[in-house]
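Here is the structure we will look at, set down as structure tokens.
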Amino acid sequence: MRNYLILSFLLICIGCSPKYDRPSTDAIDSLQSNMTIRQLKQLHALGKFEKIEQGAVIEGVVVADDKSGNFYQSIVLQDNTGGIVVRISGSSLYSSYPIGRKLFVKTKGLFLGDYGGTIQIGGGIDSSLSYRTQLDGIAVGLIDKFIVKGSFNQVVVPRIVDPSQLTDGVLDTLQSTLVAIDNVQFGDADLSLKLADATKQVSAVSFILQNCNGSPIVLRNSSYSTFANIDVPKGNGRLVGVFTLYNSDKQIVIRDTSDFVFNNSRCSLQLADTNRISTIRSVRNLFKGKSVIVPFGTVIKGKVISDSKNESTGNYKIEDANGGGIILYGTSLTNLEFNKSYIIDIGGTTLEQFSSELEITKIATNKIYPTSNVSLAPRITTIAQMNDSLENWVSSLVQLQNVYISTPNVTSSGRTYTIMDQTGSIETFVRSTAAFNLQPGTANTVTGYVSLNQGKPQIILRNKDDVSYSGGTTIIPTNFASEYSFKNVTANSGTIDPGPNPTVSGLAFGSFKAIGLGSNPSAAGRFAYNYWSLGANSNNNDFTGTIDLNKYYEVTITPDNNAKLTFSLIEFVAQRSATGPRQWSVRSSLDNFQTNIAASVSNANVRLTGNNIFQITDRTYTSQLIGNKLLMDNSFANIGSSISFRFYAFNAESNTGSFSLNTVRFDGKVE
């Protein structure tokens with residue numbers, strides 16, 4: 001899942017110390033075990049906690065410790081009947097309980113529990129988390145009471161298995177034991193990635209590896225591990241690790257990167273037969289409430305029915321000729337185009353649920369093939385019919401007839417409308433990036449695809465042609481003078497003005513965005529950022545820099561259907577810090593941001609270079625600079641679609657120098 005945030009005790013580390021004591025060499029193996037690890041695990045009921053009252057002693061060898069940070073506050077103990085996770089509330093456990101050391105555990109007074117089906121033994125029950133009770137570790141002060149150290153350098157040979165041999169059975173004898181899988185490799189789509197997320201925006205990262213027969217296995221790495229920022233191995237070979245379970249996910253967790261022996265050339269995995277097409281409905285039926293790996297050989301064919309301008313980043317809705325639809329998710333799927341048809345080999349991908357909708361993730365871009373057009377026609381329905389059987393409608397094209405569209409609820413991210421027919425109502429959300437709006441009132445038809453937001457149905461439109469109005473739309477001519485004040489900007493408000501945006505009937509004003517600059521404003525109450533292009537110094541007006549087309553402020557304004565927009569004036573107040581940019585200019589999307597818009601100025605502290613570049617006259621002046629004006633010629637009249645403006649600043653004296661827009665006013669008419 002796009003943000004897969006399962007917090008497994010095995011996979012979170014918090015700053016393990018590299019310092020440790022030299023292990024003692026006076027180990028003894030005189031203690032006798034009277035119970036196997038498998039027998040101990042048989043005392044546990046899934047989802048329960050049991051206090052061990054009998055005087056059982058288990059014996060095993062440590063096969064995983066916390067040295068690399070991929071196992072947190074735990075070690076894994078294995079005997080010839082199975083393995084178990086031992087939870088200990090401490091760090092640097094490897095200094096006393098390193099891999100290869102024999103241990104004896106006196107279990108009386110300890111507790112059995114499980115995390116996602118992986119059985120653990122620990123010191124108590126932790127109820128501090130409101131959403132989940134979990135097993136607590138053995139307290140540091142009590143470790144010697146329960147754990148007796150044995151001899152070093154015990155060798156446990158990993159059992160060579162095929163992924164198909166690993167099950168989700170709680171008492172699977174392979175669970176929490178050391179296994180090896182041969183002829184394994186990372187997927188093509190993952191070869192440019194790191195083993196985990198060193199920035200720790202997610203606590204752990206999962207990969208689907210597969211052997212040369214196409215059998216998949218999940219590899220789970222902690223972002224707190226010492227190897228999080230290492231590139232994934234590019235070759236093919238043996239994977240060694242501890243087999244763990246999280247619900248239905250069968251996972252391998254490595255101890256460190258020596259568990260990868262990927263010295264072989266990659267095998268060419270057999271591509272699926274693209275002439276054997278599965279319906280999307282049959283793929284959806286694979287989901288039984290838990291994420292599942294799609295069987296190899298599964299191929300779907302369909303048309304992209306979503307436009308990325310009005311959809312979440314990375315989401316693509318695809319529908320097949322049988323009326324089944326699903327989300328394809330992946331930030332690398334930029335080759336998928338709206339209204340184009342594709343054959344996609346989805347074997348080995350993950351089918352999961354996000355925000356109540358099913359999506360296919362981890363799709364390799366080299367297994368997507370353009371194909372002949374898939375003919376689709378929206379199914380005519382009513383709002384009540386959709387609500388009665390959402391599973392039959394979600395992610396597919398529908399058409400509503402004879403509807404009424406409400407006035408929108410406007411936010412900085414877009415507009416939410418309510419669409420009503422005689423049977424009920426449903427919402428539609430039009431993003432600020434969509435480049436169209438809806439005209440409130442009656443409409444003959446509304447076409448779009450059904451989407452779910454936390455279980456609540458919506459209909460999502462692709463473009464303005466998805467609405468057919470009754471007798472056309474009526475736009476009331478309106479003169480406007482609308483201003484962005486940036487009063488809600490704070491030092492932590494990110495790169496988008498938190499609004500509110502101006503409101504004018506017939507127009508949608510988008511939010512100002514900072515592109516290619518700092519991640520937060522450098523001042524509050526104005527749209528101010530640093531890291532502009534350099535090229536000036538404090539001693540003269542000789543500039544060596546030029547405009548950087550990747551650094552700018554941008555805003556988009558969109559007229560409603562059938563509306564025409566004319567600008568008469570754009571005027572703004574600017575300000576620079578002592579080492580900020582000394583020049584600035586504005587461009588528009590009318591010519592794809594190729595040329596600066598002609599300007600005028602009514603401020604002695606600002607002059608024009610040519611007729612379209614603003615330049616400060618006194619480089620020591622850091623107060624507000626009013627009177628920056630843009631001359632709107634005939635090209636800015638009768639605009640019928642979205643128009644964007646970009647404000648560029650350049651020739652700064654230092655990277656920390658800032659440039660701000662304090663206010664921006666747009667004057668014009670919509671009709």
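If you read the sequence from its start, that first residue is 1, and numbering goes on from there. Hydrogens, waters and symmetry mates are skipped; everything else that's a heavy atom, side chains included, is used.
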State whether the number of non-hydrogen atoms from other residues, nucleotides or ligands found under 6.0 Å of [X] atom [atom1] is greater than 12.
| X | atom1 | value |
| --- | --- | --- |
| Gln422 | CD | no |
| Tyr531 | OH | no |
| Lys234 | NZ | yes |
| Lys194 | NZ | yes |

Among side-chain atoms of [X] and [Y], is any donor-acceptor pair under 3.5 angstrom?
| X | Y | answer |
| --- | --- | --- |
| Glu357 | Ser451 | yes |
| Tyr449 | Glu311 | yes |
| Glu427 | Thr416 | no |
| Arg379 | Ser396 | yes |
| Arg431 | Ser312 | yes |
| Thr423 | Gln385 | no |
| Ser658 | Asn530 | no |

What are the two closest heavy atoms between [X] and [Y], and how far apart are they?
| X | Y | answer |
| --- | --- | --- |
| Thr556 | Ser644 | OG1-OG, 2.7 Å |
| Thr566 | Asn638 | OG1-N, 3.0 Å |
| Ile368 | Tyr342 | CG2-CD2, 3.8 Å |
| Thr331 | Thr334 | O-CG2, 3.9 Å |
| Trp393 | Ser389 | CD1-O, 2.8 Å |
| Asn335 | Ser332 | OD1-O, 4.3 Å |

Item to check | Asp466 bridged to Lys464 by N-O distance under 4.0 Å | outcome: no
Any side-chain heavy-atom pair of [X] and [Y] under 4.5 Å:
| X | Y | result |
| --- | --- | --- |
| Ile426 | Met386 | yes |
| Ile459 | Leu400 | yes |
| Ile343 | Ile300 | no |
| Ser291 | Leu351 | no |
| Val670 | Pro477 | no |
| Phe480 | Leu565 | yes |
| Thr495 | Ile515 | no |

Backbone N or O of [Y] within a donor-acceptor pair of the [X] side chain at under 3.5 Å?
| X | Y | result |
| --- | --- | --- |
| Asp421 | Val403 | no |
| Ser355 | Gln454 | yes |
| Ser642 | Thr558 | no |
| Asn488 | Pro498 | no |
| Asn520 | Gly494 | yes |
| Ser660 | Asn662 | no |
| Glu319 | Leu397 | yes |
| Asn315 | Tyr329 | no |
| Ser306 | Lys317 | yes |
| Thr349 | Ile363 | no |

Next on the checklist: Pair Phe512, Asn501 - check side-chain contact (heavy atoms from CB on, under 4.5 Å), show working.
Outcome noted: CA-CA 9 Å; Phe512 262 87; Asn501 298 330; over 6 Å; no
At what distance, to the nearest 0.5 angstrom, does [atom1] of [X] lie from [atom2] of [Y]?
| X | Y | atom1 | atom2 | result |
| --- | --- | --- | --- | --- |
| Thr442 | Gln439 | OG1 | CD | 10.5 Å |
| Phe645 | Phe593 | CZ | CZ | 9.0 Å |
| Glu671 | Thr478 | CD | OG1 | 9.5 Å |
| Ser278 | Ile344 | OG | CD1 | 12.5 Å |
| Ile405 | Thr428 | CD1 | OG1 | 8.5 Å |
| Leu376 | Asp320 | CG | CG | 8.0 Å |

Next on the checklist: Does Lys551 qualify as a cation-pi partner of Phe650, given the criterion of NZ or CZ under 6.0 Å from the six-membered ring centre and within 45 degrees of its axis?
Outcome noted: no
Checklist entry - Quick one: is the NZ or CZ of Arg646 closer than 6.0 Å to the six-membered ring centre of Tyr552, and within 45° of its axis? => result yes
Checklist entry - When you look at Thr199 and Asp197, which way does the side-chain hydrogen bond (donor to acceptor under 3.5 Å, both in side chains) test go after all the steps? => result CA-CA 5 Å; Thr199 66; Asp197 179 10; 2.5 Å; yes
Next on the checklist: Show, in sequence, the C-alpha distance, side-chain angles and deciding distance for Asn221 and Phe207, and conclude whether the side-chain contact (heavy atoms from CB on, under 4.5 Å) test is met.
Outcome noted: CA-CA 8 Å; Asn221 294 329; Phe207 297 92; 4.1 Å; yes
Next on the checklist: Test: side-chain hydrogen bond (donor to acceptor under 3.5 Å, both in side chains). Region: residues 584-593. Which pairs qualify, not counting sequence neighbours?
Outcome noted: Trp584-Asn628, Ser585-Asn596, Arg587-Asn596, Asp591-Thr595
Next on the checklist: Just checking Phe647 against Trp532, ring centres under 6.0 Å apart?
Outcome noted: no
Checklist entry - Of all residues at least two apart in sequence or in a different chain, which pass the side chain to side chain contact (heavy atoms under 4.5 Å, CB included) check with Ser341? => result Lys303, Thr371, Asn373, Val374
Next on the checklist: Please verify the inter-ring angle class for Phe636 with Phe567; under 30° counts as parallel, over 60° as perpendicular, anything in between as tilted.
Outcome noted: perpendicular
Next on the checklist: Tell me whether the rings of Phe666 and Tyr484 are parallel (<30°), tilted (30 to 60°) or perpendicular (>60°).
Outcome noted: perpendicular
Next on the checklist: Between Phe659 and Tyr529, is the ring pair (Phe, Tyr, Trp, His ring centres under 6.0 Å) condition met? List the steps.
Outcome noted: CA-CA 6 Å; Phe659 175 80; Tyr529 294 81; over 10 Å; no
Checklist entry - After noting the C-alpha distance and the side-chain angles of Ile280 and Ile318, does the key distance pass the side-chain contact (heavy atoms from CB on, under 4.5 Å) rule? => result CA-CA 9 Å; Ile280 290 179; Ile318 187 169; 4.2 Å; yes
Checklist outcome for this item: Applying salt bridge (charged side-chain N to carboxylate O under 4.0 Å, His left out) to Asp168 and not counting sequence neighbours gives none
Checklist entry - What do the steps show when you test Val467 against Tyr469 for side-chain contact (heavy atoms from CB on, under 4.5 Å), and what is the final call? => result CA-CA 6 Å; Val467 183; Tyr469 290 95; 3.4 Å; yes
